[in-house]
Amino acid sequence: MNDPRYPIGRFDYPGQASSQERAAWIDEVAALPAAMRQAVERLDDGQLDTPYRPGGWTLRQVVHHVPDSHVNSYVRFKLALTENEPIIKPYDEASWAELPDAWEPIAGSLALLEAIHARWTALLRSMSEADWHRRFIHPDSGPTDLTRALGSYAWHGRHHLAHITRTVTRHGW
C-alpha cells in the first residue's frame, strides 16, 4: 500500500461473514499479543520513540494504543451481549495517545494486551450464532453488529502491527 497511514489498506467489510471467517478473525485476535511482543522485543527506547510515518505516532504510542483500543472493544462486546443495542461511549484516541502514560515503558501495555486478549478470545469463542448478530450503537457511525466489530478489530491489530513491522524493516532494525 502506498499510504503509510494504512499499510494493509482500510478495513473492508462485505456486509456479512461466515463462521469460518469469524473463526479466522478470532484466531487473529488470539495471536496478536505474541506477534506484537515479538515485533517490539528487540527495540530500544530510541527506536520505540520513532514515528511510523512523518507526523504519525511513535511505535511506543502504537503499542500503548492497541490495548487501549481493544479494552474498549472488549467492553463494547460485553455491553452488546448483555444489553439491547447499547449506545457505547466513543473516546478520543488521539488525545489518549498524548497522555503521559503513552510515554511509559511498553511492558505494561504488552501485559495488558495479553490479558485482555485472553479474556476477549474466551468470550468470542463462547458466542452463539445469535450473539454475532447483536449490536451496539456508536453515536457517530450508528449500529454495528458483533461480526463486523470482530472483523474490524482483527484488522485493527494487523494494521498497527504493520505500522511497527514496516518501520522496523524500513530502518533495518
Side-chain angles (χ1 to χ4, degrees), residues 5-37 39 56-57 60-104 106-164:
R5 294 174 303 171
Y6 299 98
I8 64 167
R10 292 181 183 261
F11 175 62
D12 182 33
Y13 182 64
Q16 59 186 8
S18 69
S19 60
Q20 292 82 10
E21 288 168 308
R22 284 194 308 257
W25 288 336
I26 292 169
D27 289 345
E28 288 181 35
V29 169
L32 181 65
M36 181 77 67
R37 185 175 291 282
W57 288 343
R60 182 185 309 275
Q61 287 172 296
V62 170
V63 171
H64 289 310
H65 163 72
V66 174
D68 284 348
S69 175
H70 291 196
V71 163
N72 275 283
S73 181
Y74 175 64
V75 169
R76 291 170 182 179
F77 269 74
K78 291 190 89 148
L79 289 170
L81 289 167
T82 60
E83 299 177 19
N84 186 30
E85 295 194 352
I87 298 171
I88 57 103
K89 175 144 181 28
Y91 71 101
D92 182 349
E93 65 183 34
S95 293
W96 282 38
E98 294 299 327
L99 290 171
D101 66 329
W103 305 104
E104 291 294 315
I106 61 172
S109 283
L110 292 171
L112 177 58
L113 189 66
E114 289 168 349
I116 200 66
H117 275 238
R119 292 279 308 275
W120 192 16
T121 300
L123 178 68
L124 295 171
R125 289 190 171 137
S126 75
M127 289 172 57
S128 70
E129 185 61 36
D131 289 339
W132 291 107
H133 301 286
R134 295 187 64 88
R135 305 185 312 176
F136 59 77
I137 299 172
H138 190 290
D140 298 328
S141 57
T144 300
D145 69 43
L146 294 182
T147 296
R148 179 187 177 95
L150 173 62
S152 174
Y153 279 92
W155 170 87
H156 185 258
R158 289 191 317 272
H159 165 74
H160 285 303
L161 187 60
H163 284 146
I164 295 167

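FYI, the numbering just counts along the sequence from 1. All values derive from a computational prediction rather than experimental measurement.
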Would you compute the distance between atom [atom1] of [X] and atom [atom2] of [Y] and round it to the nearest 0.5 angstrom?
X: T144; Y: F136; atom1: OG1; atom2: CZ; value: 4.5 Å
X: L146; Y: L124; atom1: CG; atom2: CG; value: 9.0 Å
X: L112; Y: I106; atom1: CG; atom2: CD1; value: 13.0 Å
X: N72; Y: I116; atom1: CG; atom2: CD1; value: 9.5 Å
X: S69; Y: H159; atom1: OG; atom2: NE2; value: 9.5 Å

With heavy-atom distances below 4.5 Å as the criterion, would you say the side chains of [X] and [Y] are in contact?
X: V66; Y: L161; value: no
X: T147; Y: Q16; value: no
X: H70; Y: L32; value: yes
X: W96; Y: H65; value: no

Salt bridge (charged side-chain N to carboxylate O under 4.0 Å, His left out) contacts touching residues 113-136 (sequence neighbours left out): R22-E129, D27-R125, R37-E114, E85-R135
Has the side chain of T82 got a donor or acceptor atom that lies under 3.5 Å from a matching backbone atom of K78?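 Judged by distance alone, yes, a pair lies under 3.5 Å.
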Any luck finding a side-chain donor-acceptor pair between H160 and H163 under 3.5 Å? yes
Residues two or more places apart in sequence or in another chain: which of them pass side chain to side chain contact (heavy atoms under 4.5 Å, CB included) with [X]?
X: D92; value: A94, S95
X: V75; value: L79
X: S109; value: V63, H64, P67

If the condition is side chain to side chain donor-acceptor pair (under 3.5 Å), which residues does E98 pass it with, not counting sequence neighbours? Q61
Does I87, at its CD1 atom, have more than 12 non-hydrogen atoms belonging to other residues, nucleotides or ligands within less than 6.0 Å?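 It does not: I87 CD1 has 12 such atoms or fewer within range.
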Considering only residues two or more places apart or on different chains, which pairs with a residue in residues 12-35 satisfy ring-ring contact (aromatic ring centres under 6.0 Å, His included)?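 Output for this query is empty, none listed.
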